[in-house]
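One-based numbering, in listed order, for ligands and for the atoms of each.
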Amino acid sequence: MILLGGSASNDLSKEIAKLLDCEYLESRINEFPDGERLITIDHDLEKEDVIIVQSTFRPQDSNLMELFFLLDALKDWRCRTTVLVPYFGYGRQDRSFHSGETVSSRAIARHLSLDSDLFITINPHKEYILDHFTCKALNLDAAPLIGKYFSAKDLSCPVVVAPDAGSKNMAQRVGDMLDCRIENCNKKRLGPGKVITSAEGVELEGEDVIIVDDIIDSGGTIVEAAKALKDQGAGPIHVACIHPVLTANAAERILNVAEELVATNTIETPYSKISVAGLIADAVKKG
Ligand code: R5P
């Protein structure tokens, strides 16, 4: 087995290769003056069993094109290919919200399926995007890893809070690991990066609060939830997510209202202290 690390997930790829005790390779990337990239694999991979790891966050299109080029090369070598996309970019465009809108996640799923034998991702925004794959597709759940991280911190009687209805299940899975109270806020989205949130009915008396979400993008969801929870009497606020997209100054805005921000390394950021490498390695071993 060979692990081919995409340029968006180098550190995570190396960690997975170590756990799987397999060969690790990177491609060589050159850029032409017009911005097009030439991706070269300096090894003969004829009929090998290969895992490609590449998250598709910003710059999404360029990370996706790299993945498509690598997959195409492996197809030519008649490899058995597992595609691992820890963070699946465009995942939130999972249906046509307004007439005429293209369904980005479906288009990507269909294209990735063409040259892959197995597709693996972690907590896509909506699990049903896996139905668009025509190859075998698996979803891994990193929420228990967040629970494990906070168990080790030994907070006394923390309250796990979902910042919106969509995060309730995830909050439940984290809360189950901590055996603690679970609450949720009510969020209304006014537009990209603009939300209003209330935590009415959530009674707090200085407890540690852990707000968990699948993705943090602009940070608006978390900042508004943190403010609403403070109004309800929250003590120290900890923020955790699976995918730290963290656009612009999202992290800074969050750390103005929370004492901690922690995430997994599906996207490699300074806050990615929880590794998904073990979760992925176990899934690959099971096939
Ligand atoms: C929404 O449904 C997601 O679960 C996240 O809450 C959302 O993507 C976060 O976005 P932002 O950080 O821009 O509020």
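Taking both residues in full, the closest heavy atoms of Pro163 and Ile222 are given as CG-CD1, 4.4 Å, listed atom of the first, atom of the second, then distance. Between Ser96 and Val103, the shortest heavy-atom contact is N-CG2, 3.8 Å.
Formation of a donor-acceptor pair under 3.5 Å by the Ser116 side chain with backbone atoms of Leu118 is not found in this model. Between the side chain of Gln93 and the main chain of Arg95, a donor-acceptor pair closer than 3.5 Å is present.
Atom CD of Glu46 is surrounded by more than 12 heavy atoms from other residues, nucleotides or ligands within 6.0 Å. Within 6.0 Å of the CG atom in Asp179, the count of heavy atoms belonging to other residues, nucleotides or ligands does not exceed 12.
Any N or O atom pair closer than 3.5 Å counts here, and Ser218 shares at least one such pair with ligand 1. The shortest N or O to N or O distance between Gly219 and ligand 1 is under 3.5 Å.
By the 4.0 Å heavy-atom criterion, Gly166 is excluded from the residues contacting ligand 1.
Proximity of Asp164 to ligand 1, defined as any heavy-atom pair under 4.0 Å, is confined to the side chain (atoms from C-beta onward). With a heavy-atom cut-off of 4.0 Å, Asp217 touches ligand 1 through backbone and side chain alike.
Ranking protein heavy atoms by distance to atom 9 (C) of ligand 1, first place goes to Ile215 O, 3.4 Å. Protein heavy atom in closest approach to atom 10 (O) of ligand 1: Arg189 NH2, 3.6 Å. The protein non-hydrogen atom at the shortest distance from atom 4 (O) of ligand 1 is Asp214 OD1, 2.6 Å. Among all non-hydrogen protein atoms, the one lying nearest atom 8 (O) of ligand 1 is Arg92 NH1, 3.1 Å. For atom 1 (C) of ligand 1, the nearest non-hydrogen atom of the protein is His125 CE1, 3.5 Å.
Every atom of ligand 1 with a heavy atom of Lys187 under 4.0 Å away is listed here by number and element: 1 (C), 6 (O).
No salt bridge links Arg106 with Asp94; every basic N to acidic carboxylate O contact stays at or beyond 4.0 Å. Ionic pairing of Arg80 and Glu48 is not present here: no N-O contact between side-chain nitrogen and carboxylate oxygen is shorter than 4.0 angstrom.
Relative to atom 5 (C) of ligand 1, the option among Thr221, Asn123, Asp213 with the closest non-hydrogen atom is Asp213.
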